[in-house]
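Reminder, nothing fancy here: chain letters follow the sequence lines and each chain counts from 1. Bear in mind that the values here come from a model prediction, so they are computed numbers and not experimental data.
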Amino acid sequence: MDISVTLRGQTHDLALKNPVLTASGTFGCGLEFAPYGDLKSLGGIVVKGISLLPREGNPCPRVVETAAGMLNAVGLQNDGVEDFCAHKLPSLPWRDTPIIANIYAASTDEFADLAARLNVEDGVAALEINVSCPNVAKGGVLFGQDPVLTAAVTSAVRKAAPRKHVMVKLSPNVTDIALMAKSAEDAGADSVSCINTLLGMAVDLRLRRPKLANVLGGLSGPAIKPVALRCVWQVARAVRIPVVGVGGIVNAHDALEFILAGAHAVQIGSGNFMRPDCAFTVAAQLPAACEKIGVKSMEELRGTLQNGSALQRKHPAMA
Amino acid sequence: MDISVTLRGQTHDLALKNPVLTASGTFGCGLEFAPYGDLKSLGGIVVKGISLLPREGNPCPRVVETAAGMLNAVGLQNDGVEDFCAHKLPSLPWRDTPIIANIYAASTDEFADLAARLNVEDGVAALEINVSCPNVAKGGVLFGQDPVLTAAVTSAVRKAAPRKHVMVKLSPNVTDIALMAKSAEDAGADSVSCINTLLGMAVDLRLRRPKLANVLGGLSGPAIKPVALRCVWQVARAVRIPVVGVGGIVNAHDALEFILAGAHAVQIGSGNFMRPDCAFTVAAQLPAACEKIGVKSMEELRGTLQNGSALQRKHPAMA
Amino acid sequence: MQIKPILSRLPALEVTPFGPAGPEGEYRFFALRLPRPSWKNWRPGQFLMLRPAAFGLELPWARPFSICHTTARCLICFFQVCGRGTRRMAQLKHGDEVNVWGPLGNGFAVEPDSQTLLLAGGMGIVPFVGYVNAHPKPWNTSMLFGHREPLKCYPVDNIHEYIPLDSLRETTPGELDNFIFTLNERMRDCAEQNGLVLACGPLPFLQTVRNFARELKARTQILLENTMACGVGACLGCMTRTSDAWPTPEKRGGLVQACRQGPVFWADQVKL
Amino acid sequence: MQIKPILSRLPALEVTPFGPAGPEGEYRFFALRLPRPSWKNWRPGQFLMLRPAAFGLELPWARPFSICHTTARCLICFFQVCGRGTRRMAQLKHGDEVNVWGPLGNGFAVEPDSQTLLLAGGMGIVPFVGYVNAHPKPWNTSMLFGHREPLKCYPVDNIHEYIPLDSLRETTPGELDNFIFTLNERMRDCAEQNGLVLACGPLPFLQTVRNFARELKARTQILLENTMACGVGACLGCMTRTSDAWPTPEKRGGLVQACRQGPVFWADQVKL
Ligand SMILES: Cc1cc2nc3c(=O)[nH]c(=O)nc-3n(C[C@H](O)[C@H](O)[C@H](O)COP(=O)(O)OP(=O)(O)OC[C@H]3O[C@@H](n4cnc5c(N)ncnc54)[C@H](O)[C@@H]3O)c2cc1C
Ligand SMILES: Cc1cc2nc3c(=O)[nH]c(=O)nc-3n(C[C@H](O)[C@H](O)[C@H](O)COP(=O)(O)OP(=O)(O)OC[C@H]3O[C@@H](n4cnc5c(N)ncnc54)[C@H](O)[C@@H]3O)c2cc1C
Ligand SMILES: Cc1cc2nc3c(=O)[nH]c(=O)nc-3n(C[C@H](O)[C@H](O)[C@H](O)COP(=O)(O)O)c2cc1C
Ligand SMILES: Cc1cc2nc3c(=O)[nH]c(=O)nc-3n(C[C@H](O)[C@H](O)[C@H](O)COP(=O)(O)O)c2cc1C
Ligand code: FES
Ligand code: FES
């Protein structure tokens, strides 16, 4: 079965042999997972967030498990874009699998510099803009929580990286995610991915301390799947560019739910921690899962969710 | 051990024999749970949402289970305020346990009418304003997603119910929940409760339909506890009025986590579905749970979360 | 005469598979034996909410099951694996903790001297095990049972002992037509003697029964297995719409709770 | 010479409690026996990530455990119940599915001809079971073991067979002082012969060892049990800060992954 998809952007398309990508920050630079599956079998690899200069990130503890999910406050630790281009990218199978660089910066200008740097790397197929990082310049507001800032960052990256597909990763911590998506679309984004983590917190009752050194962290995993699905559905109805679904996907069934809700592709995040072959398995099992529901291509399923108003539960006649 | 608390409001205090309330919509009118515990042992009972006129609510299916949580789209079904005052309130042990009426309406005026009607009922100790319901007048925006509308509803209810403690229930589906809390405080709220459900969705892949007839629903249960804790922490730092924590609390340990994060009291919601004695058990086990962490009153624990920056994991010396 | 429900924390005694195993060695039908809670009595058609501690936080809801049978010391439920919860129930081991609250809901009518026709589709047979056992004059009752799996997948022994049981297995569309034809005939016979028809099974089956009941003016009750989050009347997730025949005028055409006003309804009083 | 990790889906063979049961009949220490995955070899100090299917969606993370011991056909882990995950592991039954990936991390140094002192605190004894078994000249090794629970709670038999094991139980503060005194003496002896000190145990214990190592200039490795979400280098949750003695200059004073650059570190190269 052909489960390839193309993310048809406003400027650049991104062709994927299957709709299963890995989510940034949960799959290292990719090579960490090579022992558990064939990286070339993935639709694409979104590498962990990259900044212009190396960043140490937040102090530990940075991760904590929660009911059907986890919180993280890694805080953008990475060795910077030069290290990525020199040491990581060359080892990745970028000729066979699109490598998507997840980027963040503290200002629009810095975003542009970073995008320009990656624009010249043949190994990078697309840029995913992480607009959920703190905008240091604007006093703690996040780029992704303001439609004007979202547009500014998107168009800066769009201009600085004319050779690349530009994907904007949306934050769910907003009153109206569709508004942010439209802003990104209007500013030239080729696609949007949603969602990044939900802002959360955990405390240690005995020590009377937050469980994360950073106090606040991002919630991910199966717990947030209903929120992610809702965001994908809202965004897919609001924009014409493709939507990539992220949030709580751990198997092929989950992935197809997102496609049904309107996603063109999906990303596997925390699922990679449940089993390091999670993303590989989702990609491998997708054809069989499609067959089971009588679907022959991704287009046939995508966004075909029927209206709920006519809902009536169907039961098997007799069991 | 004395675990009583008083929610010291701007206009009216609300004294509770213990900080464990039930969350609206998950405990019926209270009597449904009488077989499973002593209603008088609860800190208070928040009854299910009441409107001026009877409402049928949304079509079924209205509830669906998700990973460590559930979605509901009951849609405000209730028999109206007159039925509540005539048939339900008299059977409740309101002389022994504060009864808190959760109210919603489609306009500020309707909120005022409803509040005025309940203001004359001795059996009602407090009103909890549900600002997460659709504001029909303003085209689908929710009262609770706009600080100006939140303030308008709060002050309308405050004026119409001068005899009652007024609690405002905040929605987490906003960019900045502290802003909404401040607006409620400035408009005269005696306390705030947070959080209401997170907007979510579930789909049936085989039928290609939303699992809820209403398509969208509210996510609750342990899955959202990290988000609720974060909201309580943010809100408690932003306002001077008491905060009531709601979201994913299923045992005394969870309850104390919220108090540590700054809550004066808590509400048990979906936990009542896990075991119908959940709220009773949390109330009953709270003293022992306090003892275990060496706390002698709620004040001693409340809001004493240490800063995360100095965080260092403590291990037992040898095990 | 309301029966007060009780919440109990019980150790599972035994989970017994029924019928042949599937191609991968898996069973789908099970009897779960629990110690009998301290209930005084219960009515067949009533149900309980059952939640093994093993559901953890992942599955927050208990699951509703008809009370199948009780002995002086045991409570027996009978279930089919059809999702995440029942799959875990099938793995219960002796001693594993199960939270149970019940008896809940209203139960089937018992008219000892009326001819009583029991109509069961698949798992719909479960409440009739208790019904037949409790009926003061079982010779006035008879059963028609339609099913897809081999008969030994279902708890029929206990019924066989007391009353005649006609069972028809549906494996082809023709057999389904045949079953529906027999259903109609049996309901007609029963209606002619002003008998009582009681039905439990999947929704399409109940819809057929309801249609025949209307046609034949057969006094018919049906048990609705709506999705339930709480079982006690709090979540408003289990609603069923009433018809104009609903007894209290203010609820006619409105929504009632399957867990409180049901799960057993008079077929003419609800819309399916 | 990197050992390539493998992901295996294994049926649990057996969970055996160790030591006496607690006041409520519960055990806290267990050996888990699994079929041996198709690993070629592994180094003591390496660990694996272990995730029973029973974790469901509620506990998304696997848990890290030192590889205790392997035989031709079996892999043995040894664990203490200390939270939700280990509690469920203690309930594993024969045949229950367990996902396992490993061997991971780097393992302890082996210097056959150096005098090697093994320092274990509590569960920190686990990696030394394999170490002692694999050591080509066990007579050059000896062990000091500090513990709080009775000795039979721990997997000491396998160690006893090969090497001298001094064990000191800590139940009063005085006994702890005594243990620390002995620790210092033993490390001093070892340092004087330019021996190798290897330590595993809770953080305060490792901090003490690290301080003595500095003081006595003892060549010392420690195994850090940091919280791990992935075990493979992806989550960046297991970081440890390096000291100025870290071999590669660009990482000096920076953060390294306990799951990849560790879990075994030279004591002078990290900050605790
Ligand atoms: C009053 C009552 C009595 C019942 N008695 C019995 C009984 O005696 N024996 C028995 O085997 N089952 C009985 N059921 C049905 C039983 O409750 C469901 O099979 C069970 O809840 C499914 O749980 P699960 O976790 O395995 O499925 P889930 O994972 O929750 O769902 C799996 C699939 O089953 C569907 N489903 C979920 N709940 C129900 C439901 N209540 N009815 C029909 N489909 C559902 C879901 O939509 C989904 O497609 C009864 C239900 C009710 C309301
Ligand atoms: C490399 C490595 C090797 C290990 N080897 C063993 C072993 O051989 N035997 C053994 O019993 N344990 C070992 N551990 C520790 C073991 O992984 C934890 O005990 C386990 O993850 C706790 O899981 P839980 O679900 O029971 O606890 P949780 O419910 O996750 O947590 C319960 C409590 O334990 C604390 N905790 C969680 N993870 C850790 C951790 N990694 N270290 C210390 N405290 C923690 C939590 O903060 C919390 O206070 C090892 C850890 C590492 C990193
Ligand atoms: C440990 C961790 C680190 C993450 N780092 C990043 C990051 O650097 N950039 C980014 O855009 N998203 C990051 N995310 C968010 C994920 O890419 C993803 O959006 C989120 O986890 C939701 O998906 P999931 O539920 O499948 O995990 C991170 C998530 C986790 C758990
Ligand atoms: C079935 C159901 C119905 C609810 N109805 C109401 C309601 O009428 N008014 C309201 O303010 N909140 C309502 N809520 C939200 C809860 O009161 C609570 O805020 C939310 O469920 C989070 O708490 P929990 O995680 O403990 O369930 C409802 C929740 C559920 C699950
Ligand atoms: S099951 Fe909750 S109201 Fe009926
Ligand atoms: S455990 Fe995930 S990076 Fe080390």
Side-chain angles (χ1 to χ4, degrees), chain B residues 22-37 47-49 54-79 83 211-212 217 220-223 225 248 250-251 254 269-278 280-281, chain C residues 2-9 37 39 48-53 55-64 83-85 97-104 203 224 226-242 248 250-251 253-260 270-272:
Chain B
T22 58
S24 178
T26 65
F27 205 68
C29 77
L31 297 170
E32 292 85 345
F33 289 81
Y36 309 105
V47 298
K48 79 187 162 75
R55 291 184 55 126
E56 181 166 292
N58 291 322
C60 288
R62 290 173 165 189
V63 291
V64 48
E65 197 182 38
T66 66
M70 64 174 285
L71 288 165
N72 90 81
V74 170
L76 321 176
Q77 175 180 347
N78 79 105
D79 293 331
D83 177 81
K211 284 194 176 170
L212 296 171
S220 61
K225 196 181 82 169
V250 304
N251 56 40
D254 292 336
S270 311
N272 295 309
F273 304 160
M274 288 175 68
R275 269 174 67 99
D277 67 347
C278 184
F280 303 107
T281 309
Chain C
Q2 196 68 29
I3 297 175
K4 197 182 154 187
I6 292 175
L7 168 66
S8 328
R9 187 187 299 256
W39 304 343
L48 44 78
M49 296 297 283
L50 192 151
R51 191 169 185 279
F55 281 11
L57 296 176
E58 181 179 345
L59 303 181
W61 292 354
R63 303 297 194 252
R84 298 155 305 172
E97 180 185 322
V98 182
N99 294 289
V100 173
W101 56 102
L104 299 164
L203 192 58
L224 295 187
N226 292 3
T227 300
M228 294 181 177
C230 72
V232 304
C235 72
L236 303 184
C238 65
M239 311 309 286
T240 282
R241 191 168 297 284
T242 64
T248 55
E250 73 281 7
K251 281 285 173 200
L255 295 172
V256 293
Q257 293 158 325
C259 69
R260 306 257 293 178
V270 291
K271 292 184 178 153
L272 294 185

Student: Using the side-chain contact (heavy atoms from CB on, under 4.5 Å) criterion, which residues pair with B:Q77? Sequence neighbours excluded.
Tutor: B:R62, B:V74, C:L236, C:M239, C:L255
Student: Do you know which of C:R241, C:E250, C:M228 has the most heavy-atom pairs with chain B at a distance under 4.5 angstrom?
Tutor: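 Heavy-atom pairs under 4.5 Å are most numerous for C:R241.
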Student: What residues form a side-chain contact (heavy atoms from CB on, under 4.5 Å) with B:P276, not counting sequence neighbours?
Tutor: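 By the side-chain contact (heavy atoms from CB on, under 4.5 Å) rule, B:P276 matches B:F33, B:Y36, C:L7, C:W101.
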Student: Side chains of B:M274 and C:R51: closer than 4.5 Å at any heavy-atom pair?
Tutor: yes
Student: Measure across C:P5 and B:P35 and return the closest heavy-atom pair with its distance rounded to 0.1 Å.
Tutor: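 Minimum heavy-atom separation between C:P5 and B:P35: O-CB, 3.7 Å.
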Student: Give, for atom CD of B:E32 and atom SG of C:C230, the distance between the pair rounded to the nearest 0.5 Å.
Tutor: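 Those atoms lie 8.0 Å apart.
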Student: Do you know which of C:R9, C:R260, C:R84 has the most heavy-atom pairs with chain B at a distance under 4.5 angstrom?
Tutor: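 Among the listed options, the one with the most contacts to chain B is C:R9.
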Student: Checking heavy atoms, do the side chain of B:N272, its backbone, both or neither come under 4.5 Å from chain C?
Tutor: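 For B:N272, neither part sits under 4.5 Å from chain C.
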Student: Quick check on B:S270 against chain C: is it the side chain, the backbone, both or neither that has a heavy atom closer than 4.5 Å?
Tutor: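 No part of it gets close to chain C.
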Student: Checking heavy atoms, do the side chain of B:D277, its backbone, both or neither come under 4.5 Å from chain C?
Tutor: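 Contact with chain C: backbone and side chain both.
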Student: What closest approach, in Å, do C:P60 and B:A68 show between heavy atoms, and which atom pair accounts for it?
Tutor: CG-C, 4.0 Å
Student: So which of B:G30, B:A67, B:G69 has the largest heavy-atom pair count under 4.5 angstrom toward chain C?
Tutor: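 Winner by heavy-atom pair count: B:G69.
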Student: Minimum heavy-atom separation for C:G237 and B:C60, please, with both atom names.
Tutor: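 Closest pair (atom of C:G237, atom of B:C60, distance): O-SG, 4.2 Å.
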Student: What part of B:P222 is in contact with chain C, defined as an atom under 4.5 angstrom from a non-hydrogen atom: side chain, backbone, both or neither?
Tutor: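 It is the side chain, since no backbone atom gets that close.
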